[in-house]
Amino acid sequence: MTPQRTFRLAVLGSGKGSNFLAIADACATGKLSAEVALVLSDIADAGILARARERKIPARFIAPGKFRTKMDEDAERAFVQTLSESQVDLVALAGFMRVLKGDFLKAFEGRIVNIHPSLLPSFPGLEAWKQALDYGVKVTGCTVHFVDASVDCGAIIGQQTVPVLDTDTPDSLHQRIHAAEHELYPACLQSIINGKIKVEGRRVTARIVSSSSPF
């Protein structure tokens with residue numbers, strides 16, 4: 001009998017890599033039945049690359065090209081080729097600060113997910129925790145969603161709420177949202193791996209919705 005192939009994840013990030021660490025830890029402890037096969041970044045000295053190399057996980061910088069918020073065609077092809085050669089099953093964005101377009105989305109259609117630090121569709125875009133605090137909402141959180149051609153608009157897989165405290169600063173709220181992300185993201189990835197997630201238009205069946213975090 002042929003051993004079952006381990007589900008292979010790629011993680012793309014531009015920052016320190018805290019969500020990557022949560023995913024890698026979940027894989028190591030068996031909470032997530034997968035392996036992180038590859039970590040890619042558009043930032044040469046990104047912390048996520050250093051964290052991956054510390055864990056002996058293949059990690060590579062790919063120059064994004066001349067644009068500030070997206071990749072040029074050469075960079076996009078390089079990312080797609082590297083991911084394809086690594087035979088990854090799912091691409092998880094974790095603080096990746098480039099909008100994915102065109103051939104990248106086609107190459108991994110339905111197989112790219114992202115985590116965003118708000119309860120989408122509220123507060124898309126940058127510094128969502130600060131947007132929530134400035135707006136005065138009493139509850140915010142994080143969202144795991146599929147990636148499409150629009151920014152922070154793909155079908156929602158799971159959400160976890162985080163209360164906004166009267167004493168919160170942008171930093172303190174961001175830290176508690178991070179803690180919620182580290183719980184939610186591996187759980188959503190495991191549901192995808194288990195085949196529990198089905199997308200019908202914008203609706204995702206077996207959606208994961210977590211109650212308010214105690215953090």
Side-chain angles (χ1 to χ4, degrees), residues 9-27 29 31-32 34 36 39 46-48 51 90-100 111-148 150-194 196-197 199 202-215:
L9 294 169
V11 180
L12 275 59
S14 304
K16 296 179 180 179
S18 68
N19 271 302
F20 154 70
L21 289 176
I23 292 168
D25 286 345
C27 291
T29 59
K31 290 183 178 180
L32 185 52
V36 179
V39 173
I48 190 172
R51 303 292 83 76
L90 189 71
V91 177
L93 307 185
F96 190 64
M97 303 306 290
R98 302 273 169 175
V99 178
L100 303 184
R111 296 191 291 144
I112 307 173
V113 294
N114 182 48
I115 189 158
H116 182 76
S118 76
L119 297 176
L120 293 173
S122 297
F123 311 122
L126 299 175
E127 296 188 327
W129 60 92
K130 188 174 186 299
Q131 293 183 54
L133 193 62
D134 289 346
Y135 198 89
V137 298
K138 301 305 181 184
V139 176
T140 185
C142 53
T143 301
V144 176
H145 63 94
F146 286 106
V147 175
D148 61 17
S150 300
V151 177
D152 299 329
C153 289
I156 291 171
I157 301 166
Q159 294 183 305
Q160 182 161 318
T161 59
V162 174
V164 181
L165 308 179
D166 292 341
T167 55
D168 263 328
T169 64
D171 184 62
S172 66
L173 180 57
H174 194 199
Q175 288 182 18
R176 292 205 317 284
I177 292 173
H178 262 319
E181 290 177 343
H182 299 163
E183 294 180 353
L184 181 66
Y185 213 174
C188 289
L189 293 174
Q190 186 61 53
S191 291
I192 294 171
I193 292 167
N194 290 343
K196 293 182 178 180
I197 301 298
V199 183
R202 285 205 53 81
R203 292 179 59 83
V204 176
T205 58
R207 180 180 297 177
I208 302 168
V209 181
S210 236
S211 60
S212 179
S213 168
F215 301 104

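Bear in mind that the values here come from a model prediction, so they are computed numbers and not experimental data.
- When atom types are taken as modelled, the side chain of Ser118 and the backbone of Phe123 share a donor-acceptor pair closer than 3.5 angstrom.
- Scanning all heavy atoms of the two residues, the minimum distance from Val199 to Ala155 falls at CG1-CB, 4.2 Å.
- For Ser172, the side-chain contact (heavy atoms from CB on, under 4.5 Å) partners are Asp168, Thr169, Arg176, not counting sequence neighbours.
- Smallest separation of non-hydrogen atoms from Cys142 and Ile177: CB-CG2, 4.2 Å.
- Applying the side chain to side chain donor-acceptor pair (under 3.5 Å) criterion to Asp148, with sequence neighbours excluded, gives no partner residue.
- When all heavy atoms are compared, the tightest approach of Leu120 to His145 is CD1-CD2, 3.7 Å.
- Partners of Gln131 according to the side chain to side chain donor-acceptor pair (under 3.5 Å) rule, which considers only residues two or more places apart in sequence or in another chain, do not exist here.
- Rounded to the nearest 0.5 Å, atoms CD (Glu181) and CD1 (Ile115) are 4.5 Å apart.
- Tyr185 meets the ring-ring contact (aromatic ring centres under 6.0 Å, His included) test with no other residue; sequence neighbours excluded.
- Residues forming a side-chain contact (heavy atoms from CB on, under 4.5 Å) with Lys31 (at least two apart in sequence, or on another chain): Ala26, Thr29.
- Residues passing the salt bridge (Lys or Arg N to Asp or Glu O under 4.0 Å) test with Lys16: none are found, sequence neighbours excluded.
- Within the structure, ring-ring contact (aromatic ring centres under 6.0 Å, His included) pairs that include any residue of residues 156-179 comprise Trp129-His174, His174-His178, His178-His182 (at least two apart or interchain).
- Here the CD atom belonging to Gln159 is positioned 4.0 Å from the OG1 atom belonging to Thr143, to the nearest 0.5 angstrom.
- Looking at residues two or more places apart in sequence or on another chain, you find a side-chain contact (heavy atoms from CB on, under 4.5 Å) between Leu93 and Leu12, Val91, Phe96, Leu100, Ile112, Asn114, Val147.
- Under the salt bridge (charged side-chain N to carboxylate O under 4.0 Å, His left out) criterion, the residue pairs touching residues 90-99 are Asp42-Arg98, with sequence neighbours excluded.
- When all heavy atoms are compared, the tightest approach of Leu189 to Val113 is CD2-CG2, 3.8 Å.
- For the atom pair Leu165 CG and Leu173 CG, the distance stands at 8.0 Å (nearest 0.5 Å).
- Contact annotation: the side chain of Cys27 approaches that of Val36 to within less than 4.5 Å [non-hydrogen atoms, C-beta and beyond].
- Taking Glu127 as the reference, nothing meets the side chain to side chain donor-acceptor pair (under 3.5 Å) condition, with sequence neighbours excluded.
- To the nearest 0.5 Å, atoms CZ (Arg203) and CD1 (Ile156) are separated by 11.5 Å.
- Across every non-hydrogen atom of Val162 and Ala180, the tightest pair is CG2-CB, 3.7 Å.
- Listed by chain and number, the residues in a side-chain contact (heavy atoms from CB on, under 4.5 Å) with Val139 are Leu119, Thr161 (sequence neighbours excluded).
- Summarising the geometry of Ala34 relative to Leu9, their closest heavy-atom pair is CB-CD1, 3.9 Å, with the distance given to 0.1 Å.
- Scanning for salt bridge (Lys or Arg N to Asp or Glu O under 4.0 Å) contacts around Asp152 gives an empty result, with sequence neighbours left out.
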